[in-house]
Amino acid sequence: MVPTLPYRIGYGEDAHRLEAGRPLILGGVPVPESPHGAVAHSDGDAVLHAVADALLSGLALGDIGQYFPDTAAEWHGLDSRVIVARALELVRERGYGPVNVALVVTLDRPKLGPLRADIARSVAALLTLPDTEVGVSFKTSEGLAPAHVQVRVTALLARTETAG
């Protein structure tokens, strides 16, 4: 029998190529000053994709591509909040819930500092966490990948109940 651990750690990562004329959404928050947005099958929210993968990986449940394949027409343009909701549902079905998440966004422009609190609030609301339990950091690629956004997320999951 596999022991039930009180805590699990998950890791998620996502990246998208950026293209002019597309909206950029990060953590469910539109980035109004962005000259470009993500090229993706869904809405391209790299923060929420990485959050969902971190939740799933913490319980060895695979990745979002298994649940929302980019080859399926029904997921075209999908709001990534739906992806996070499904990942959270799968985690909760197994008797766990997120305790906190830390995310790092790598993007050369625009500068995201003014959106830090909005992104933290948005992610926290999706995970039903206090804002203080969502750490948000920003980095640039130092010019190495100016037409790209990348996000890395770690999530701490805690046992909340006996899974049925």
Side-chain angles (χ1 to χ4, degrees), residues 1-18 24-31 38-72 74-75 78-107 112-113 115-141 145 148-164:
M1 180 172 171
V2 177
T4 301
L5 300 173
Y7 294 98
R8 305 288 296 255
I9 296 172
Y11 175 80
E13 187 170 330
D14 195 49
H16 288 283
R17 184 170 50 88
L18 300 173
L24 182 62
I25 302 167
L26 295 172
V29 177
V31 181
V39 176
H41 187 69
S42 68
D43 65 6
D45 189 328
V47 167
L48 295 186
H49 295 174
V51 166
D53 273 343
L55 294 172
L56 294 169
S57 77
L59 293 175
L61 298 174
D63 59 60
I64 62 175
Q66 292 175 249
Y67 302 94
F68 301 95
D70 64 5
T71 55
E74 72 254 39
W75 307 128
L78 180 67
D79 183 329
S80 293
R81 291 176 290 197
V82 172
I83 296 171
V84 172
R86 178 64 179 137
L88 189 56
E89 177 182 46
L90 290 166
V91 165
R92 287 188 172 145
E93 285 173 358
R94 285 154 180 84
Y96 285 83
V99 175
N100 78 327
V101 297
L103 62 97
V104 179
V105 179
T106 302
L107 179 70
L112 298 173
L115 297 175
R116 185 183 321 273
D118 293 337
I119 292 170
R121 263 192 303 276
S122 176
V123 172
L126 288 169
L127 300 177
T128 62
L129 291 173
D131 300 357
T132 56
E133 300 309 322
V134 178
V136 179
S137 300
F138 302 120
K139 306 289 180 202
T140 70
S141 76
H148 139 276
V149 60
Q150 185 165 15
V151 181
R152 295 171 182 90
V153 174
T154 56
L156 178 63
L157 307 175
R159 189 80 179 153
T160 57
E161 60 184 73
T162 304

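All values below were derived from every heavy atom in this structure, side-chain atoms included, with hydrogens, water molecules and symmetry-related copies excluded.
For the pair L26 and V149, the minimum side-chain heavy-atom distance is below 4.5 Å. The shortest distance between side-chain heavy atoms of P98 and L129 falls below 4.5 Å. Looking at heavy atoms from C-beta onward, R94 lies in side-chain contact with L61 at the 4.5 angstrom threshold. Side-chain contact check for F138 versus L107: every heavy-atom pair is 4.5 Å or farther apart. Put simply, the side chain of V123 reaches to within 4.5 Å of the side chain of L48, judged on heavy atoms. Side-chain contact between I83 and W75 is absent, with no heavy atoms from C-beta onward closer than 4.5 Å. Residues D43 and H49 form a side-chain contact, since some pair of their non-hydrogen atoms from C-beta on lies under 4.5 Å apart. Side-chain contact between K139 and V104 is present, with heavy atoms from C-beta onward closer than 4.5 Å.
Annotation: side-chain contact (heavy atoms from CB on, under 4.5 Å) contacts of R86 (sequence neighbours excluded): F68, E89, L90, E93. Listed by chain and residue number, nothing satisfies the salt bridge (Lys or Arg N to Asp or Glu O under 4.0 Å) test with D70 (two or more places apart in sequence, or in another chain).
When every heavy atom of A155 is checked against every heavy atom of V101, the shortest pair comes out as CB-CG1, 3.7 Å. Heavy atoms only, all atoms of each residue included: S137 and R116 are closest at CA-NH1, 3.9 Å. The two residues L157 and G58 make their nearest non-hydrogen contact at CD1-CA, 3.9 Å. Among all heavy-atom pairs drawn from R159 and T4, the shortest one is NE-CG2, 3.2 Å. Between A38 and L24, the shortest heavy-atom contact is N-CD1, 4.2 Å. Closest of all the heavy-atom pairs between L55 and L127 is CD1-CD2, 3.8 Å.
To the nearest 0.5 angstrom, Q66 atom CD is 9.0 Å from D53 atom CG. Considering CD of Q150 and CG of D14, their distance stands at 8.5 Å, rounded to 0.5 Å. Atom OG1 in T71 sits 7.0 Å away from atom NE2 in H41 (nearest 0.5 Å).
The main-chain N or O of Y11 is found under 3.5 Å from a side-chain atom of S57 such that the two form a donor-acceptor pair. Between the side chain of T106 and the backbone N or O of T140 there is no donor-acceptor pair closer than 3.5 Å. Between the side chain of S42 and the main chain of S80, no donor-acceptor pair closer than 3.5 Å is present.
Considering I64, D45, L126 in turn, L126 is the only one that fulfils the side chain to side chain contact (heavy atoms under 4.5 Å, CB included) rule with V84.
For Y7, the OH atom is loosely surrounded, since the number of other residues' heavy atoms within 6.0 Å does not exceed 12.
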